[in-house]
Amino acid sequence: MSDSLGNYILDRTESLDDSLISKYFVERDNSKILRLLDNEQYLLEGSRGVGKTMLMKASMLKSQKDFGKNSILPVWVSFEESIRIERISIINSSIDPFLQWTMGKILYETLNKLVQIKPNTIDNLNKKLSTIFNTSISNQFDKYIDILNNYIDILEKGDLDNNTLLSKHSPSLELLKILDNPQSFKDFLIEIIENCNLTRIIFLFDEAAHVFSYSQQEKFFTFFKTLRDPKIACKAAVYPGITNYGKYFERGQDAKELKVQWSPLDDDDVKYIERIIKIRLKEYDPKYWDKLSSNQDVLKTLCICSNGNPRFAFHIIDELENNKAFKGNSISSQVLINSIRSVFNIKWKEFETLKHRLIKYEKYIEEAELFIKQTVLPNLRLWNDKQRKNQSKLSIGFYITTDAYEKLEKIFSVLSYSNIINVDYSKKSVGHHKYSYYVTLNPSLLFTDLIIKDITELKNTSVAIENNQSYSEASPSIKELVENVSDIIYIECSNKNCDFKTTDENFKFCPKCGNKIEIKEEESLYKILRSHTIDNLKISRKIITRLKKKFKNIGEIYDSNLDDIRMPYIQDVRITVIKNAALEYMAG
């Protein structure tokens with residue numbers, strides 16, 4: 001077969017063009033699309049790979065189709081390159097590079113989308129842009145767009161050490177005024193809406209938190225709140241738990257929450273994943289689908305172990321292909337379990353990368369992995385063994401008291417983000433005026449660790465409190481975990497030869513040696529990730545070995561043009577794969 005299976009199970013929606021999104025999108029919950037297109041502000045929350053981007057892009061395409069009826073302009077914006085802005089230090093508060101870049105990106109995508117959907121507005125936009133850029137380029141909308149894009153490029157890649165240099169690179173003072181602050185930007189957007197006879201603009205902000213640094217997240221959601229208007233509706237895709245909304249943004253008030261949830265015990269949810277797999281495999285080769293579906297238990301196990309994450313299901317299918325599982329007449333349960341185990345082991349390895357990216361969560365990430373591997377899984381295996389002997393219902397998770405959960409919220413946030421657990425936040429009474437949450441484990445762990453042996457056993461599980469283990473603040477493992485992740489931030493003496501440290505921020509000078517007490521500024525995530533070895537890239541070892549002859553770290557590949565990567569055995573297809581791998585690593 002000349003084509004590659006990889007072209008049909010592309011696991012990142014960003015790799016799909018609009019026609020493929022229309023072909024591959026499986027509608028699971030129409031109400032979510034309707035909400036993404038209404039005039040409310042929403043946070044679309046879900047773990048990695050559960051389909052937030054696909055849902056947003058499908059909503060955008062539906063809105064485009066209906067534009068002639070309602071004049072609502074849908075604008076999808078990705079912020080993958082935001083990490084580059086971290087390199088620009090802020091010397092004074094006159095210009096914020098991150099906000100300039102964010103508003104520039106949104107304006108760029110808005111103008112492009114407007115001309116794409118409503119081309120008869122181009123004359124009005126030309127006049128508006130000629131005023132902004134203080135130059136008249138007759139009927140040359142594309143030229144104006146290029147000018148704006150070049151400024152965005154300077155913010156991303158230019159040789160700028162600090163924000164005082166930005167005004168020298170701006171195309172015009174008028175543009176600076178528009179991008180000066182969220183309110184002036186919002187006023188300009190409303191002008192565009194009125195001049196182009198739009199009902200409203202819907203912004204679909206993808207990767208609106210994960211790719212931002214901790215401080216950028218707070219700035220973004222303050223900006224997000226400022227844009228609120230009857231004619232502007234903002235929707236942002238976020239991850240559970242790890243997002244820093246800052247002190248000026250309140251979830252539920254400034255934006256409603258829209259959760260992408262899934263349960264392995266819900267037949268409709270499992271069928272949803274099955275439909276996604278069926279479309280992709282039949283498009284590639286109907287025989288592949290026939291072999292996978294010939295044993296319904298195997299197919300169902302695969303769908304259940306996806307844990308609602310189509311991307312993870314595709315990785316398992318890719319592993320089956322690598323192991324030549326599709327060469328036989330059917331696929332056995334054991335071959336599938338082996339493939340699931342291999343793919344999930346990669347997920348654990350990604351925790352190392354996660355420590356570098358989510359620096360403030362480094363300790364929590366480390367402890368979260370140990371908690372699952374050394375406490376939860378062994379205990380759950382023993383619990384289910386006992387339940388089998390007693391012919392009682394089995395368990396797929398555990399209860400944890402709300403008090404204990406609150407002390408370990410960041411631990412559970414990390415695990416939710418990575419799609420290792422799912423937390424049911426409906427409180428269950430456990431007596432004595434105490435309440436608990438129910439936490440379920442990713443089914444891949446249950447099946448590969450033989451905690452649940454097959455689908456029949458999965459059906460014999462219960463969420464009732466009496467059929468599950470319960471953890472509280474008094475549990476030895478929870479006590480130890482709380483002690484290990486206590487938030488203690490030490491401030492040290494600036495004198496390297498002095499060992500004084502304190503948690504009291506009121507100290508200005510060291511009581512031991514008299515030197516200044518300084519809170520060290522954290523090294524930017526941008527610099528940290530750039531310095532990482534190219535061994536971290538998700539490409540073959542052979543290609544990495546060749547690349548090492550030319551590139552020292554990921555940053556060098558990230559900055560390079562495609563032709564810079566070209567070398568013997570690394571040509572058109574591979575240079576694109578390598579560049580995308582570097583971009584994906586930096587964006588997370």
Side-chain angles (χ1 to χ4, degrees), residues 261-270 295-308 332-334 336-338 340-341 344 368-405 408 411-412 415-416 419-482:
Q261 295 175 311
W262 188 90
S263 169
L265 303 176
D266 187 316
D267 287 339
D268 288 339
D269 282 354
V270 175
N295 184 332
Q296 281 296 301
D297 279 356
V298 164
L299 176 60
K300 202 165 214 180
T301 302
L302 169 59
C303 295
I304 287 168
C305 287
S306 75
N307 204 32
S332 71
S333 294
Q334 190 56 55
L336 174 64
I337 292 298
N338 291 343
I340 294 170
R341 186 178 289 115
F344 206 92
E369 183 175 356
L370 293 174
F371 176 58
I372 295 295
K373 287 182 174 179
Q374 296 180 5
T375 300
V376 174
L377 292 178
N379 287 353
L380 188 54
R381 189 181 299 107
L382 291 172
W383 175 271
N384 276 353
D385 286 344
K386 186 179 81 172
Q387 294 290 96
R388 286 187 190 96
K389 287 178 184 176
N390 296 334
Q391 295 186 326
S392 300
K393 293 281 187 179
L394 303 179
S395 168
I396 58 171
F398 59 90
Y399 279 93
I400 183 162
T401 57
T402 55
D403 290 344
Y405 179 89
L408 297 171
I411 290 280
F412 291 103
L415 294 168
S416 294
N419 205 14
I420 288 170
I421 64 167
N422 182 61
V423 183
D424 180 355
Y425 290 101
S426 54
K427 295 179 181 178
K428 305 288 193 305
S429 174
V430 289
H432 305 290
H433 305 291
K434 285 193 171 290
Y435 296 88
S436 286
Y437 298 131
Y438 189 56
V439 179
T440 53
L441 288 173
N442 187 310
S444 292
L445 286 171
L446 301 174
F447 279 93
T448 58
D449 278 51
L450 300 179
I451 293 167
I452 297 293
K453 294 178 180 176
D454 52 38
I455 291 170
T456 304
E457 281 204 339
L458 186 66
K459 291 177 180 176
N460 187 38
T461 59
S462 168
V463 299
I465 290 175
E466 62 269 20
N467 291 315
N468 288 272
Q469 298 170 90
S470 185
Y471 295 90
S472 69
E473 289 178 277
S475 304
S477 57
I478 298 299
K479 272 186 176 178
E480 183 181 353
L481 193 54
V482 170

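- Across all non-hydrogen atoms, the minimal contact from Ser472 to Ile478 is O-CB, 3.2 Å.
- Side-chain contact between Ser470 and Ile465 is absent, with no heavy-atom pair separated by less than 4.5 Å.
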For Asn467 and Ser395: C-alpha separation, side-chain torsions, deciding distance, then whether side-chain contact (heavy atoms from CB on, under 4.5 Å) applies.
CA-CA 6 Å; Asn467 291 315; Ser395 168; 5.9 Å; no
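- Checking Tyr405 against Tyr425 by side-chain atom types alone, a donor-acceptor pair falls below 3.5 Å.
- No donor-acceptor pair closer than 3.5 Å links the side chain of Ser475 to the backbone N or O of Ser477.
- Heavy-atom minimum distance, Asn460 versus Lys393: OD1-CD, 3.4 Å.
- Rounding to the nearest 0.5 Å places OG of Ser332 at 7.5 Å from CG of Asn338.
- Taking each heavy atom of Cys305 and Asn442 in turn, the nearest pair found is O-OD1, 3.8 Å.
- Shortest non-hydrogen contact noted between Ser462 and Tyr438 is O-OH, 4.0 Å.
- Judged purely by atom type and a 3.5 angstrom limit, Asn307 has no side-chain atom pairing as donor or acceptor with the backbone of Pro264.
- In plain terms, the two heavy atoms of Thr448 and Arg341 that are nearest each other are O-NH2, 2.7 Å.
- If you take CG on Asn419 and CZ on Phe344, they are separated by 8.0 Å, rounding to the nearest 0.5 Å.
- Proximity of a side-chain donor or acceptor of Asp266 to a complementary backbone N or O of Asp268 within less than 3.5 Å is detected.
- At a threshold of 4.5 Å between non-hydrogen side-chain atoms, the residues Ile451 and Leu445 do not count as touching.
- Under the 4.0 Å criterion applied to side-chain N and carboxylate O atoms, Asp297 and Lys300 are not assigned as salt-bridge partners.
- Leu441 contributes atom CG, which lies 9.0 Å from atom CG of Leu415 (distance to the nearest 0.5 angstrom).
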Extract all donor-acceptor atom pairs below 3.5 Å that involve side chains of residues 369-377 and protein atoms in other chains or at least two apart in sequence.
from, atom 1, to, atom 2, distance (Å)
Glu369, OE2, Lys373, NZ, 2.7

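- A distance of 7.0 Å separates CZ in Phe447 from CG in Asp454, rounded to the nearest 0.5 Å.
- For the atom pair Ile337 CD1 and Leu302 CG, the distance stands at 10.0 Å (nearest 0.5 Å).
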Which is it for Asp403 and Lys434 under the side-chain contact (heavy atoms from CB on, under 4.5 Å) test, yes or no, and what are the steps along the way?
CA-CA 9 Å; Asp403 290 344; Lys434 285 193 171 290; 3.4 Å; yes
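- Using modelled atom types, no side-chain atom of Asn468 and backbone atom of Tyr399 make a donor-acceptor pair closer than 3.5 Å.
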Working for side-chain contact (heavy atoms from CB on, under 4.5 Å), residues Leu458 and Leu265
CA-CA 8 Å; Leu458 186 66; Leu265 303 176; 3.9 Å; yes
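- A distance of 4.5 Å separates CG in Leu481 from CD1 in Ile411, rounded to the nearest 0.5 Å.
- Residues Arg381 and Asp385 have side chains in contact (heavy-atom distance under 4.5 Å, counting atoms from C-beta outward).
- Around atom NZ of Lys428, more than 12 heavy atoms belonging to other residues, nucleotides or ligands sit under 6.0 Å away.
- The local environment of CD in Glu466 is crowded, with over 12 non-hydrogen atoms from other residues, nucleotides or ligands closer than 6.0 Å.
- Across all their heavy atoms, Phe412 and Ile400 have their closest contact at CZ-CD1, 3.5 Å.
- Counting only heavy atoms from C-beta outward, the side chains of Trp383 and Leu394 never approach each other to under 4.5 Å.
- Side-chain contact check for Asp424 and Ser426: at least one donor-acceptor pair (N or O, by modelled atom type) lies under 3.5 Å.
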